Q: 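Would you mind keeping the following structure in view while I ask a few things?
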Amino acid sequence: MECLRDGINLNWLDRGTSEIFPDSRDSENADENLLQRLKETDRPLRVKLGIDPTAPDIHLGHSIAFRKLRSFQDGGHTAVLIIGDFTAQIGDPTGKSEVRSQLTPDKVKQNAEDYLEQLRPILDFHTPGRLEIRYNSEWLAGLDLSKILTLLSTMTVGQMLAKEGFALRYQQENPIYLHEFLYPLMQGYDSVAVSADVELGGTDQKFNIAVGRDLQRYFGQRPQFGLLVPILLGTDGVQKMSKSLGNYVGLKEDALTMYSKLEKTPDSILDNYFELLTDLNPEELPENPRERQKKLALEVVSQYRGKEAALKAQETAINLVITSGGDTEAVPEYSLAEVKFPAKLFYILNVSGLCKSSGEGKRQIKGGAVRLAGEKVSDADLSFESATELYGKVVRLGKKKFVRLVE
RNA sequence: GGGUCGAUGCCCGAGUGGUUAAUGGGGGCGGACUGUAAAUCCGCUGGCUACGCCUACGUUGGUUCAAAUCCAACUCGGCCCA
C-alpha cells in the first residue's frame, strides 16, 4: 500500500470488502471502476465515512470500515470523517431503530471526542492531509425548507420503500415515520457537502450511499463510489455485533477482557474474523483451531493495547484457567472500601460487577458457579464479618469472570 | 377525523376475576462434556446484604373481599374508510 499514482499494490482494496459499486472491474472508465480511478487520480481521493455520535463506545464491528479507511489513508488518500451530530437526532432507520433521544450539543461533542480517541489505534491522525473531521450540522442545520423540499423531490416514496429496512417494516405493519425518509437524503447530502469520491459503510448502508450518488449527480458532482464492508458477526457467531446484544468486543476494553472474549471466538467465524480484523495471511495461521483462537485474540489485542499487554493478557488468561486465580496480577480489582460489613457474598458479587444483581449473585452461588480463592462456594447466604479476611482473594464466576478483592 | 383491532417480563407469545413474579419458546447465564468451541443433556433467568420487604402485565382512576383479567378516560401503534 504505497504510492498514490503508481499504486500498483492495491490488493488491500478487496480484502474484507463486501461490495464496490459501481462495479465494472474490466472497465477502463474511471467512473465505473474504482480500481481504475485509484490508478488514474492525480490527487488524493476524498473517502467519506460517517459516524453516529449517539453511541459513546465503539466495538470491533465498527472497526472494519475504519480499517478500510486506514488503508485508503496509507494509499495517500484523505479520510473524511463525518460526525453525524445533526443526523443523530433523527436516527438511522436502518435496522430496527426507534425513537432517538435528543442529544445535547455538549453530549454530542463529548461522544465525538471519545469516539476519536478510540479510533487512534486504527487511523492515521498524524500525517498531514490524511484526515479531515467534519460535523454535519455545519451544512444540515442551516437548510431551509425550500432546500429540504428540493432534496425530498429527488426521490419517490416507492424508492424509499424499496429500502430493505423500510420494506420490512412496512410489510410487518410497523410504524414508519415520515422524517425517517429524510435520513438517507441527509446522509447523501453529506457526500455533496464534502465532495466525496468514495463512501465507506457497512452493507446495510448501500441504500444511503446510493442516495449520495444520486444527489451528487443532481448537484453536478462526480458521483462517489460506494465501498461496502460486511457487518461483523458478534462473538456469539450468530447475530451482528452490537453492544445491546452483549456479543461485542469494545475498543476501549482492557487487554484481558478483550483477550478473553476473543479467544472463544466460535470456529464458524474464525476465518472471517482473521480476514476482517487482522492483516494476517490465511496461509500462515495455525492448523489447530484452539491455537487459531489464541492467535486471533493475541493479534487483535495487540492492535489496540499493544503487543506487550496482549502477551500478558494471554499469559494471565492461561494461568487463570489452570490455577483458578494463581496469577492474579492482571485480574481486575475491586475495592471493598465502600462495602459495609458484615457483608453477604452475593452482595459482593453484585457490587463488584460480577453479577447484575444480588439476586443473580445468590442464584449463581446456588448453581455452583462461584469460587472464592479457588474453593467452590455452596452456601448462598455466606457472609463475612470483615473486609480484611477477603483482601487479596479472587472471586470467580463461571470460567472466565474474575475479580480480586482489595483494600 | 370515523371505524376496528391491539399494547404482558430482554424478545416473541399464552393467560381473560381468585394459590403462586404470571404457561411456553427464544435469548442470556451457570453446570456436565470439550478445544475456555460447536452439538447434546441439566439447572437458573423481577429488585432488595433478604427467614422478610418491595415493584411488576401501556397510563390514570373505578367496580370487587379479590383484578394482567371487568368498567371509564387517556396515551401510543396497526389496518380499513375519508
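Only a predicted model underlies this, so the values are computations on that prediction, with no experimental measurement involved. Numbers restart at 1 for each chain; the letters A, B, ... are given by sequence-line order, proteins then strands.
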Q: Can you check whether any acceptor in the base of B/rG35 is under 3.5 Å from a donor in the side chain of A/Asp267, or vice versa?
A: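 When only heavy-atom distances are counted, A/Asp267 does reach the base of B/rG35 through a donor-acceptor pair under 3.5 Å.
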
Q: Base, sugar-phosphate, or nothing for A/Pro289, non-hydrogen atoms under 4.0 angstrom?
A: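 If one applies the 4.0 Å heavy-atom cut-off, A/Pro289 turns out to touch a base.
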
Q: What contact category does A/Lys261 fall into here, base, sugar-phosphate, or nothing, at under 4.0 angstrom with non-hydrogen atoms?
A: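 Since no nucleic acid heavy atom lies under 4.0 Å of A/Lys261, the category is nothing.
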
Q: Does a side-chain N or O from A/Arg396 land closer than 4.0 Å to OP1 or OP2 of B/rU36, or not?
A: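 For B/rU36, OP1/OP2 do not have a side-chain N/O of A/Arg396 under 4.0 Å.
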
Q: Kindly indicate whether the side chain of A/Gln293 and the base of B/rG35 share any N or O donor-acceptor pair separated by less than 3.5 Å?
A: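 Result: at least one qualifying N/O pair found.
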
Q: Reckon A/Phe341 touches a base, only the sugar-phosphate, or nothing at all at heavy-atom distances under 4.0 Å?
A: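 Touches nothing.
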
Q: Is the A/His59 ring parallel, tilted or perpendicular to the A/Tyr248 ring (thresholds 30°, 60°)?
A: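 Aromatic pair A/His59/A/Tyr248 classed tilted.
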
Q: Please measure how far the P atom in B/rA7 lies from the corresponding atom in B/rG58, and state the result in whole Å.
A: 8 Å

Q: Take atom P in B/rC81 and the same atom in B/rG27, then report the distance between them in whole Å.
A: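 About 40 Å, rounded to a whole number of Å.
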
Q: Using a heavy-atom cut-off of 4.0 Å across all strands, would you classify A/Ser357 as base, sugar-phosphate, or nothing?
A: sugar-phosphate

Q: Classify the nucleic acid contact of A/Lys362 as base, sugar-phosphate or nothing, counting any heavy atom under 4.0 Å across all strands shown.
A: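 Counting heavy atoms under 4.0 Å across all strands, the contact made by A/Lys362 includes a base.
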
Q: Determine, stepwise, if the pair A/Tyr218 / A/Thr150 fulfils side chain to side chain contact (heavy atoms under 4.5 Å, CB included).
A: CA-CA 10 Å; A/Tyr218 182 88; A/Thr150 302; 3.4 Å; yes

